[in-house]
Every structure is written in structure tokens, then in C-alpha cells.
Colleague: 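Before I ask anything, here is the structure I am working with.
Order of the sequence lines sets the chain letters (A, B, ...), proteins ahead of strands, with each chain counted from 1.
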There are 2 protein chains.
Amino acid sequence: MSRAQRAMSEKTAPASIEEFDARLREISGTLPKRLQQCAEFVSANTDRIAVSTVAELAAAADVQPSALMRFCKMLGFKGYSGLQRLFRDAYSQQWPDYSTRLATLRAQSDSAPSALLAEFVETGRLALEDLVGNVDPAVLDQAVAVLAKARLVHVAGYRRAFPVASYLSYAFEKMECPSMLHDGTGQLNQRHSISPDDAVIAVSFAPYTAQTVSLVDHANDLGCPVVVLTDTAMSPFDGDNVSVITVKDADVAGFRSLTSTMSLAMTIAVSVGRMRGV
Amino acid sequence: MSRAQRAMSEKTAPASIEEFDARLREISGTLPKRLQQCAEFVSANTDRIAVSTVAELAAAADVQPSALMRFCKMLGFKGYSGLQRLFRDAYSQQWPDYSTRLATLRAQSDSAPSALLAEFVETGRLALEDLVGNVDPAVLDQAVAVLAKARLVHVAGYRRAFPVASYLSYAFEKMECPSMLHDGTGQLNQRHSISPDDAVIAVSFAPYTAQTVSLVDHANDLGCPVVVLTDTAMSPFDGDNVSVITVKDADVAGFRSLTSTMSLAMTIAVSVGRMRGV
DNA sequence: CGCACAATGGAATATTAATTCCATTTTCGA
DNA sequence: TCGAAAATGGAATTAATATTCCATTGTGCG
């Protein structure tokens, strides 16, 4: 066993990305050539660790798998799997398993409201961070353009999507964009007010309210462009004139936090307002 | 081999996330129970696919690994590895950390909407962080206790506070708590339905809608306890039976992001529901 | 009601990937 | 320049993981 290896074996494995970075900086420079090569490649490609095998990473770094193994041990890990676990967890711990976490929450039946608040806040924060990485600017631009061109914007969203719809409607009103909220009051069917010159923005989450689905289909059949904000790719919204934007908004205690959807909705509304204002 | 499985085997595997989504939508609904369960879980947790083993994903979706394998084949993949490869390849694009992605989004000078989205997200995130530190658990507990004791909860909030009020109303309905949304439809004045056995939760931001202020005063005069969610300590809500919770929700482009208020409102609603459920 | 076929769970097997081992090469001090 | 220790590459071994298979359960139809 080499001097360097002996030196590391006393150390314990990094427990976070920060510790990993620190350790890397600490040993960098004291390493033999091939291991230095590993260090450089790894620190420049941390994103690949979670999704690559040793063989792949070794090939990409132009070293032998065994060199990478030695490098991992140098950092204090038991092997490559240890290093990989760190990066996989860092990525997916962002979206913890809510079924299990909910169980824990329910278990502490005396759970104070403030614990629940923390849960909502944390979920909302992660949802927002996720939103930034998952929205395609091109799709967003296109949605805004479509809505800005419309003579009248129809806003639809029922049940838990209704708060978003109503805020959209408020924003459009404030910016003096002609819009109409399909609120379902009195079970009146307002869809006959939709014309091909208009546009529709619909918000809907699983289980997709039948009324929303049929409204979207109706508009699509008329040749009226539709923008849908929804939760998963499994949504039943489809058609030549329909563009779908998916937002992941995790549930807490059975209720969607709506933070991401709200932020996205406001972005669209304000952008439309600005574009029309010009 | 089942009919469904035969049908898929002719198809070729999705080559992109978009194709994957399309295929998922296509077969969804025609699937047997367990495979539908896979479809739902997978489409709601696409981010986990790249970093999980079949066993892990199956456990999280609460199905057998073999069910997940059948599901993969249904989509046209040769096995789980095929599906995983698709997501691993797409993984690195969304890896740069939050602040990097945010900066990228902001910098898209050709696209005003994405810069605005970055703004909304960042503001919302800060507001959420602020919220946890600034809400007094004791006040929160007291508010929950008051609402949980009520025979009927009146929910009020107009204009930009209305989305919050309507979501509160939705949550109460779902949890089977008797509640009434004062929505102002037809300018009808619903305040005479308030009795001293009830409680009111009102949401209002500057400039405080007169209707909300007078409703709160009315309830207070009746001896009916009131919880107000508002923005500053300067709000005109006051009275022996009134407890005020302030939430700081920053503006972007003239519009409140509502993320904090929504999170707080949901916390209260769920806590009330739980307390009543006992 | 019972038959046939589809769906499912779980264990057995095959495949792939991680890890170790050792022979060979390189480095460095005497 | 030689020898010893360190470093390295690549194959062999071991562990983990994906995949298949089959017995059992559920379901719809005659």
C-alpha cells in the first residue's frame, strides 16, 4: 500500500457535496499523475457521476477503471459506489418520497402546525427550483406569443386549479387585457363564447376535471389556440392547437402547494400584458 | 403474451423525452391496474429514473420489479435499462445547480418571459424562506385552534387575495370542514350568515378592500373570532376577537407572487382539518 | 358456474458492473 | 545505473442488478 493510500484510509468518507469538494481540494496536488487526472476530470464533470458506470467515467477520463477506484478510496469512499451514492442522493433527495414522509407526519399526531408550515415551505422551495430547470424558454415564449395575439383570452381552471385561474384573471384585468374567466358559476356553460380569434389558457391537474378537458377539446376543434398548464405528461390534453406546459408541484398532506404553478401563471400573464402593451 | 403486450412489441422505443411522453399518453388508460400505477408514478417522478435501480423505483411506486419491467416493454423499450438510458442521457442538461440555471434563465435576453420567470421564482423562494422565520408558532397554533372550534368557517378575500380564499375554501371542502366562501358574486352581501359560534378567516393586502375590512369588523362586533392573513402590521384589522398573521410576499412587476400566503393558508387549513378530524 | 386467458408477485437466472489482484512499468534516491 | 517502492494497466473475481420464468391469483365470457 502506498503512502498516499495509507494517508487517506484514516479519513472518513465525505457526507455531502461540500465535504467532497473540500476533500478534493485538500488532496489535489499531492496525487500521482493518473490520480490527478481522475481528480481533474471528476471535478470538471461532477454531473456525470450520478449517471455513469465506473467503466464509462474511466473511459471518458481516459484512465483505467482501477485508477478511478483508487481515486475513490483516496477520497475516503469504500469504492466507486460510495461516491456515486453521494451524488445520486444529492440529486433525488430533492424530491423525497412523500408517501413515507407523509406517514411520518401523520405519525406525530400532535404535529404542530409550524411543522406543517415548514413542510409546505420546503416543498414549495424545491418546486420552484425544479421549475427553473424544467421549463423550456422556447415553449414559454410561444405560449406568450399565442395569448398576446388573441382578441380575448379565456381562462379556465376548476377545483384546485381555480385559484390559479382566478389569479390569472385578476392579472389580466389589472393589465387591461381582455379576458374572461370560465368560473362555472351556476353550472353555466360559457364555452360558446370562444371564437377562433381568441385563445384559451387552461389549468388542470390530475384527476383532470372533465369540464376542463372538454373545454380544451372544444377550443381546439374550433381552431382556437390553447395553452395548458398541467402536472404530468399523462394529462389528456392534446391537439394541433394545444401547447402543454408541465409543472411539478408536489403534494403536502394531500394538497398541492401551487407555488410553481402560480409563479409560472404570473410570468405568462405579465409577459402577455407587456407584449400587448407595446 | 397478452394482447396489450403484443400491440406494443411492434412499436419502436421512444428516442427522446418528448416521444416518451407522447407514448405514455397514448397507452395510458388502456393499461391494467398495476401498469397504470407504474405509468402514473413514472410520469410524476421522471427525475428519479436516471438515478434509481428497478428495485428502488418499484419499491417507491409500490409495485413489483417485474411489473415495472412489463411497463418498460409496453413503452417499446427492451427493458428498464433502455428507459433509464434515455433519462440518463437527458440528465446532464438539467444538472447545473439552481443558481446557475437561474442565471441562464435571466440571461436569455432574447426571451423576456424566461427572465421574468427567474424573477418570480427567486422572489417566491426568498419569501418562503422569510416566512418560516417570521411566523410565530404560538399565534399560528391559536389561529388553528380558533378555526377548528367553529361551527362554520367563513372565508373572505377579494381581488388579489381571492385566489388564496378560494384555495382555502377548496381545502376545507376536501376535508369536510363546514365552510363558506364569501365570494362577492352578484355583489350579494353574505355577512348576515355569520354567527358568534362561527369563525372567519380573511385574506387582505394593501390597499385593503373595504368589503373585507367591514366584514371583519362586523364579525368582531358579533363576538365571532377572526383570523386575518395580511401583509403589514399597518393593516386596518383590529379588535378583541381579531388575530392578525402578517406575511411578507414581495411584488414582481406589480404582482404579488402569493407563494408565501398560499403556503401559510394551506398550513392553516390542513391543521384545522386534522384537529377537527380527531 | 366454470373455463380460458390476462395479470400479478416473487423467486430463479442471466447480465452487467464494481472491485480486487497481480504482473509490469515507472519513479526516485543511493 | 541499480534497486526498491510506488504507480499503473488489465484481467479475474465478486457483488449487484436487470431480466425472465413460472406458479398463483384475478377477471370476463360462454
Side-chain angles (χ1 to χ4, degrees), chain A residues 1-10 13 27-42 48-89 92, chain B residues 1-10 13 27-42 48-89 91:
Chain A
M1 186 183 261
S2 75
R3 187 162 43 240
Q5 277 174 301
R6 230 186 339 273
M8 76 67 200
S9 63
E10 291 147 25
I27 63 168
S28 178
T30 73
L31 294 171
K33 200 171 91 182
R34 228 14 54 107
L35 296 193
Q36 185 65 33
Q37 197 175 331
C38 289
E40 276 160 23
F41 184 85
V42 162
R48 291 205 197 174
I49 298 169
V51 295
S52 302
T53 64
V54 240
E56 287 166 355
L57 209 67
D62 196 28
V63 298
Q64 288 292 320
S66 50
L68 250 174
M69 289 303 295
R70 280 191 288 271
F71 172 71
C72 293
K73 296 193 170 178
M74 219 65 140
L75 287 165
F77 294 103
K78 213 186 138 210
Y80 179 72
S81 302
L83 171 68
Q84 192 172 53
R85 182 153 44 251
L86 178 67
F87 280 85
R88 286 190 171 173
D89 288 350
S92 59
Chain B
M1 186 185 261
S2 77
R3 189 163 38 241
Q5 277 174 300
R6 232 190 334 274
M8 75 65 201
S9 62
E10 293 147 25
I27 63 167
S28 175
T30 72
L31 295 171
K33 199 171 91 185
R34 227 14 57 102
L35 296 192
Q36 184 68 28
Q37 196 176 329
C38 291
E40 275 159 23
F41 184 85
V42 162
R48 288 203 201 175
I49 299 170
V51 296
S52 303
T53 64
V54 241
E56 287 166 356
L57 209 66
D62 197 26
V63 298
Q64 288 293 319
S66 50
L68 212 64
M69 289 302 296
R70 281 191 288 271
F71 172 71
C72 293
K73 298 196 168 178
M74 218 64 139
L75 288 166
F77 295 103
K78 213 185 138 209
Y80 179 73
S81 303
L83 170 70
Q84 192 173 52
R85 184 151 43 250
L86 180 67
F87 280 87
R88 286 192 169 172
D89 290 345
Y91 171 89

Colleague: Looking only at side-chain N and O atoms, does B:K33 come under 4.0 Å of OP1 or OP2 in D:dG26?
Modeller: no

Colleague: Think B:Q64 has a side-chain N or O under 4.0 angstrom from the OP1 or OP2 of C:dT8?
Modeller: no

Colleague: Tell me whether B:R85 at atom CZ has more than 12 heavy atoms from other residues, nucleotides or ligands lying less than 6.0 Å away.
Modeller: no

Colleague: Excluding sequence neighbours, so at least two apart, what forms ring pair (Phe, Tyr, Trp, His ring centres under 6.0 Å) with A:F41?
Modeller: none

Colleague: Expressed as a whole number of angstroms, how long is the span from A:L68:CG to D:dG9:P?
Modeller: 11 Å

Colleague: Would you say B:R34 reaches C:dG9's phosphate, i.e. side-chain N/O to OP1/OP2 under 4.0 Å?
Modeller: yes

Colleague: D:dA15 P sits how many Å from A:Q84 CD, rounded?
Modeller: 18 Å

Colleague: Contact class for B:T53 (heavy atom, under 4.0 Å): base, sugar-phosphate, or nothing?
Modeller: sugar-phosphate

Colleague: Considering only side-chain heavy atoms of B:S66, which listed nucleotide, C:dT8, C:dC21, D:dT20, is closest?
Modeller: D:dT20

Colleague: Where each residue is assigned the nucleotide of DNA chain D containing its nearest heavy atom, which of B:G79 and A:V63 is assigned the position nearer the 5′ end?
Modeller: A:V63

Colleague: Measure CD/A:E56 against P/C:dA17 and give the value in whole Å, please.
Modeller: 7 Å

Colleague: Calculate, to the nearest 0.5 Å, the distance between atoms CE and CG belonging to B:M74 and B:L68 respectively.
Modeller: 12.5 Å

Colleague: Output every pair passing side-chain hydrogen bond (donor to acceptor under 3.5 Å, both in side chains) with a member in residues 56-67 of chain B, not counting sequence neighbours, ordered by first then second residue.
Modeller: none

Colleague: Find the distance B:Q37:CD to D:dG26:P and express it as a whole number of Å.
Modeller: 15 Å

Colleague: Whole-Å distance between D:dA12 C1' and A:M69 CE?
Modeller: 15 Å

Colleague: Between A:Q84 (side chain only) and A:S52 (backbone N and O only), is there a donor and an acceptor less than 3.5 Å apart?
Modeller: yes

Colleague: What is the separation between atom NZ on A:K78 and atom C1' on D:dA16, rounded to the nearest whole Å?
Modeller: 12 Å

Colleague: Base, sugar-phosphate or nothing for A:S81? Non-hydrogen atoms, less than 4.0 Å.
Modeller: sugar-phosphate

Colleague: Atom CG of A:L31 to atom P of C:dT26: distance rounded to whole Å?
Modeller: 20 Å

Colleague: Is there a side-chain contact between A:K73 and the phosphate of C:dT20, meaning an N or O under 4.0 Å from OP1 or OP2?
Modeller: yes

Colleague: Would you kindly give the CG-to-P distance between A:L57 and C:dA17, to the nearest whole Å?
Modeller: 13 Å

